[in-house]
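Report on one structure; see the data block that follows.
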There are 2 protein chains.
Amino acid sequence: MRRDVFQAIADPTRRAIINMIAHQPLNVNTVTENFDVSRTAVYKHIKILTECGLIEIKQQGRERFCEAKLQKLNEVSDWVEQYRQFWKARLDSLDIYLKEAQSKKDAKPTKGKGARR
Amino acid sequence: MRRDVFQAIADPTRRAIINMIAHQPLNVNTVTENFDVSRTAVYKHIKILTECGLIEIKQQGRERFCEAKLQKLNEVSDWVEQYRQFWKARLDSLDIYLKEAQSKKDAKPTKGKGARR
DNA sequence: TAATTTTGTAACCAAAAGGTTGCATATTTT
DNA sequence: AAAATATGCAACCTTTTGGTTACAAAATTA
């Protein structure tokens with residue numbers, strides 16, 4: 001059971017849930033009202049979000065309020081930002097690379113790498 | 001068949017592929033060499049990444065070079081950043097501050113200048 | 001030309017994901 | 001106490017996902 005934040009935000013319903021409770025904590029039924037699927041389905045999404053740390057559930061009487069813990073999105077942010085330099089700096093890098101590869105190949109042909117397995 | 005960038009980066013193997021080719025385009029076999037799964041499995045991941053626009057494949061002879069198109073990560077970046085205010089605004093107590101400092105320390109031990117070409 | 005290398009893809013499989021209904025339990029409300 | 005409300009969860013189902021093997025085709029090498 002993989003429970004990381006990348007997998008958690010992959011589902012559009014879960015992203016919508018995050019959006020709902022980012023502004024204010026809501027109980028399970030209130031969250032459910034905004035979706036076409038059953039309460040159980042929404043509950044499962046909430047559970048997944050809880051398990052990866054994106055939300056926290058606090059009991060209040062018979063209700064459970066879901067509160068967003070968006071610090072966890074830092075994991076995603078950090079992963080994405082490490083690549084920003086690449087999409088800013090590199091334009092048309094393949095052509096450059098292929099030219100280099102071609103001249104290397106001319107000078108010193110590569111040996112076969114062998115088939116896997 | 002949902003093919004959005006959030007779903008694409010949910011899989012750890014696909015994130016690893018992105019990381020490999022972010023620095024330079026590689027052909028399919030070279031990408032495969034770094035994983036324990038079959039070439040076909042890797043190829044499927046590459047196809048998914050292509051279908052959502054995160055990479056592009058360019059033929060050169062019998063090889064296909066996979067080039068990262070990381071601009072697409074802007075979709076993820078934008079989605080995450082819209083919530084930054086929420087998790088920044090709530091850093092008001094000492095223990096939250098300390099917790100965040102600790103996770104930063106754990107998450108990115110090397111914060112150097114980054115790759116340079 | 002024949003063999004090798006690199007890739008694309010079909011057919012198939014097991015496990016995970018996302019959904020449902022139904023029921024049990026704890027808390028209000030009446 | 002009885003009814004209503006809010007939730008947790010088991011059991012089950014279907015589709016998707018991630019993987020495999022096997023084979024075909026194109027390009028390169030010997």
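As the structure is a computational prediction, the values presented were derived from the model and not from experiment. Each chain gets a letter, A, B and so on, in the order its sequence line appears, and its residues count up from 1.
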### Message
Using whole Å, what does the distance between atom P of nucleotide D:dG8 and atom CD1 of A:I57 come to?
### Response
6 Å
#### Entry: Donor/acceptor link under 3.5 angstrom from B:R62 side chain onto base of C:dT5
yes
### Message
Can you see if the side chain of B:Q7 gets near the phosphate of D:dT16 - specifically, an N or O under 4.0 Å from OP1 or OP2?
### Response
no
### Query
Are B:W87 and A:F65 grouped together when hydrophobic residues (ILVMFWY) are joined by side-chain heavy atoms under 4.5 angstrom apart?
no
### Task
Give the ring-plane orientation class for A:F86 versus A:Y83, where under 30° counts as parallel, over 60° as perpendicular and anything between as tilted.
tilted
### Message
Can you tell me which nucleotide in D:dT7, C:dT7, C:dT20 comes closest to the side chain of A:N29?
### Response
D:dT7
### Task
Find the distance A:R64:CZ to D:dC9:C1' and express it as a whole number of Å.
12 Å
### Message
In this structure, how many angstroms lie between the P atom of C:dT5 and the CZ atom of B:R39, rounded?
### Response
14 Å
## Note on the structure
B:A41 has its side chain closest, among C:dT9, D:dT20, D:dG18, to D:dT20
### Task
Round to a whole Å and report the spacing from CD1 of B:I55 to P of C:dT7.
12 Å
### Message
If only side-chain N and O atoms count, and only distance matters, is there a donor-acceptor pair under 3.5 Å linking A:S77 with B:E81?
### Response
yes
### Task
Can you tell me the distance, in whole Å, between the CG atom of A:D36 and the C1' atom of C:dT20?
14 Å
### Task
Find the distance A:K47:NZ to C:dG19:P and express it as a whole number of Å.
16 Å
### Task
Please confirm whether any donor atom in the side chain of B:T40 sits under 3.5 Å from an acceptor in the base of C:dT9, or the reverse.
yes
### Task
For D:dG19, take OP1 and OP2 only and decide whether either is under 4.0 Å from a side-chain N or O of B:H45.
yes
### Task
Among the candidates D:dA11, D:dC9, C:dT7, find the nucleotide nearest to the side-chain atoms of A:K44.
D:dA11
### Message
By nearest heavy atom, map A:I48 and A:Q60 onto DNA chain C; which one lands nearer the 5' end?
### Response
A:I48
### Query
Under 4.0 Å between a side-chain N/O of A:Y43 and OP1 or OP2 of D:dT7, yes or no?
no
### Query
What integer distance in Å separates A:Q59:CD from C:dT25:P?
16 Å
### Task
Flag yes if B:I48 and B:L73 sit in one hydrophobic cluster, no otherwise; membership is Ile, Leu, Val, Met, Phe, Trp, Tyr, and two members link when side-chain heavy atoms are under 4.5 Å apart.
no
#### Entry: No-H, no-angle donor-acceptor pair, A:R14 side chain to C:dG18 base, under 3.5 Å
no
#### Entry: Residue mapping more 5' on DNA chain D - nearest nucleotide basis, A:T30 or B:G61
A:T30
### Atom pair distance, as rounded to whole Å: CG in B:N27 and P in C:dG8
10 Å
### Task
Look only at the side chain of B:R3 and the backbone of B:G53, and say whether a donor-acceptor pair between them is shorter than 3.5 Å.
no
### Task
Among the candidates C:dT20, D:dG19, D:dG18, find the nucleotide nearest to the side-chain atoms of B:V37.
D:dG19
### Query
Looking only at atom types and distance, does a side-chain atom of B:T30 sit under 3.5 Å from a main-chain N or O of B:L26, one as donor and one as acceptor?
no
### Query
Out of C:dT7, D:dT20, D:dT7, which has the shortest distance to the side chain of A:E63?
D:dT7
